[in-house]
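Working notes, structure below.
Worth saying up front: this structure is predicted, and the values here are computed from it rather than measured. The figures here come from the full heavy-atom set of this structure, side chains too, leaving out hydrogens, waters and symmetry mates. In what follows, chains are A, B, ... by sequence order, proteins preceding strands, each numbered from 1.
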Number of protein chains: 2
Amino acid sequence: MASEAERRVATADESFEGVSPDAARRLLLGAVDAFAERGFHATTTRDIASRAGMSPAALYIHYKTKEELLFQISRVGHERSVAVLAEAADGDGSDAERLARAVRLFVRWHAEHHTTARVVQYELAALGAEHYEEIVGLRRRSEEILRGVLESGHAAGEFEVADVRGTTLAVMSLCIDVARWYSPHGRRSPDEIGTLYADLVLRMVAPRAAAG
Amino acid sequence: MASEAERRVATADESFEGVSPDAARRLLLGAVDAFAERGFHATTTRDIASRAGMSPAALYIHYKTKEELLFQISRVGHERSVAVLAEAADGDGSDAERLARAVRLFVRWHAEHHTTARVVQYELAALGAEHYEEIVGLRRRSEEILRGVLESGHAAGEFEVADVRGTTLAVMSLCIDVARWYSPHGRRSPDEIGTLYADLVLRMVAPRAAAG
DNA sequence: CCGGCGGCTGAGCAGTTGCTTAGGGCGTCC
DNA sequence: GGACGCCCTAAGCAACTGCTCAGCCGCCGG
């Protein structure tokens, strides 16, 4: 029964490696799977606990409420994706190279961690008010990182962007939505999608006439 | 109390005008609002009924189950958005004009009807198996319409698209995700977003070197 | 050998869920 | 004018919800 629980949980990802004790981590992984499959409200504490191979009551030793589980998933998930984006955007190379790398890795993260990403993106409304505010701050961070690259390229004349704010939103939206439709059984790998998307985004911002 | 119910329901849209009797329509509109706000599973039949100004039992005179309400919303919503897309794509003009018009109107629909669209896009998993299959068929239709335009422009040399299937998916995803983040209190109108997006998509598929 | 403590369980509580049933008001047709 | 059919309600059922609590197990320091 323990191995059964481990098997079910194995579809989740490695973002929660640091969480201890072991039972708390297994509960988080079970919750990620359950929330992604059925949504926060449709998931029962009994479901989460049984995926972790434990009784329902054990959940409350490690987490105060079901919502706290969602918050931990949301927090860790956002932190990881912001870190990926920041690292890609802060690296060296031209603005075009930084933009392409940021989009490619951000998209790849959303595909590879599509279960976590789905929870992170679509269950925000289920968070309590305070937790929600904290998460919104992290989301603003990622938007600012991307906008920074676009503004830099625009100022340098490397990009031609009529509406930086609107384009930032569109690119973010494009990347994030990968988590909704991506399936590991699909024909494209996360990296292939990332590469395709990076190309499409570069085209979005490329100057029209070859003036550069 | 009836006017209160009408007021709350007024935030929904006109896609369900044809539904009769009146009570069945009010229930549908109430369900759209409730599902969009709180999600299908978190919405109670009591909530839906009270938004329509009726008792919980009245719901079951017009719909067999709560899921049937979701199905009707999904079906009508998909039919409307496919119709918008088809009309825009089948019109006359160059492939670029057809593509721009299709994206602009498809995006505008998702912004204007963002409550309906959100339900339609994010509560698919709550549908029963048979209903789900029917909806998936409609979704394939819209993808085919968009792909048709891209293929036509690609064949005519008007577009330069390395991966038609992948680009179709990306454009669909971009348009659909508008429903997730759009807010009527935001700074951009549905039509402005549509116009911006049409421009971005045209850039995605424009030939790089001015060879045409 | 023992005492305590962190991790866990079985049983269960109060509240809520989707949905049913018995019956009431009211217009409409013979 | 009476029987019918439509639309609706009050009350309630069985199942399930998030969460609690008293107590059991095994490990670890003395």
Side-chain angles (χ1 to χ4, degrees), chain A residues 1-6 9 19-35 37-74 119 123 125-129 131, chain B residues 1-6 9 19-35 37-74 119 123 125-129 131:
Chain A
M1 196 192 287
S3 68
E4 160 71 354
E6 275 167 10
V9 139
V19 180
S20 86
D22 189 65
R25 208 192 71 250
R26 269 155 48 219
L27 284 166
L28 261 190
L29 292 173
V32 168
D33 272 15
F35 291 163
E37 263 176 40
R38 317 166 47 87
F40 176 78
H41 288 294
T43 299
T44 69
T45 53
R46 286 160 177 83
D47 184 12
I48 297 170
S50 87
R51 282 178 199 247
M54 307 168 76
S55 85
L59 193 153
Y60 294 90
I61 293 160
H62 302 284
Y63 302 95
K64 270 199 292 250
T65 63
K66 186 172 87 162
E67 191 263 359
E68 201 199 322
L69 267 165
L70 175 62
F71 174 59
Q72 294 300 338
I73 294 166
S74 247
V119 175
E123 306 294 340
L127 286 169
H131 288 163
Chain B
M1 195 192 285
S3 68
E4 160 72 353
E6 276 167 10
V9 139
V19 180
S20 84
D22 189 66
R25 208 192 70 249
R26 269 155 47 216
L27 284 166
L28 261 191
L29 292 173
V32 168
D33 272 15
F35 291 164
E37 263 177 39
R38 319 167 44 88
F40 176 77
H41 288 294
T43 299
T44 69
T45 52
R46 285 160 178 84
D47 185 12
I48 297 169
S50 85
R51 281 177 199 247
M54 307 169 76
S55 85
L59 194 152
Y60 293 91
I61 292 162
H62 302 283
Y63 302 95
K64 272 201 291 252
T65 63
K66 185 172 88 162
E67 191 264 357
E68 201 200 321
L69 266 165
L70 176 62
F71 174 59
Q72 294 301 338
I73 294 166
S74 250
V119 176
E123 305 294 339
L127 286 170
H131 287 163

Each nucleotide N or O in nucleotides 5-11 of chain C that has a protein N or O under 3.5 Å away: list the pair and distance.
unit_1 : atom_1 : unit_2  : atom_2 : d
C:dC8  : OP2    : A:His62 : NE2    : 2.8
C:dT9  : OP2    : A:Ser55 : N      : 2.8
C:dT9  : OP2    : A:Ser55 : OG     : 3.1

For the backbone of A:Leu28 and the side chain of A:Gln72, can you confirm whether one donor and one acceptor N or O come within less than 3.5 Å of each other?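 No, the answer is negative, given that no donor and acceptor are paired below the 3.5 Å cut-off.
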For the backbone of A:Leu70 and the side chain of A:Tyr63, can you confirm whether one donor and one acceptor N or O come within less than 3.5 Å of each other? no
Range on DNA chain D touched by chain B, heavy atoms, distance below 4.0 Å: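 Span of nucleotides near chain B: D:dC8 to D:dG12.
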Can you tell me how far P of C:dG18 sits from CD1 of B:Ile48, to the nearest Å? 8 Å
Rounded interatomic separation in angstrom, taking CG from B:Leu69 and P from C:dC19: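 My rounded result for the distance is 10 Å.
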Please enumerate all protein N or O atoms sitting under 3.5 Å from an N or O of nucleotides 25-29 of chain C, with distances to 0.1 Å.
none

Could you pull out all residues at least two apart from A:Arg38 that satisfy side-chain contact (heavy atoms from CB on, under 4.5 Å)?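 Partners of A:Arg38 by the side-chain contact (heavy atoms from CB on, under 4.5 Å) criterion, ordered by chain and then number, come out as A:Ala42, A:Thr43, A:Asp47, A:Arg51.
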Taking side-chain contact (heavy atoms from CB on, under 4.5 Å) as the definition, give me every residue that meets it alongside A:Ala58, ordered by chain and number, with sequence neighbours left out. A:Met54, A:Ser55
Separation of B:Ile73 CD1 from B:Glu68 CD (nearest 0.5 Å): 11.0 Å
What's the spacing between A:Lys66 NZ and A:Tyr60 OH if we round to 0.5 Å? 8.0 Å
Looking only at heavy atoms, which two atoms of A:His62 and A:Ala23 are closest? And how far apart? NE2-CB, 3.7 Å
Between A:Pro56 and A:Ala49, which heavy-atom pair has the shortest distance, and what is it? CA-CB, 3.7 Å
Output all residues satisfying side-chain hydrogen bond (donor to acceptor under 3.5 Å, both in side chains) with A:Glu123, sequence neighbours left out; order by chain, then residue number. none
Applying ring pair (Phe, Tyr, Trp, His ring centres under 6.0 Å), can you list everything that pairs with A:His131, at least two apart in sequence or on another chain? A:Phe71
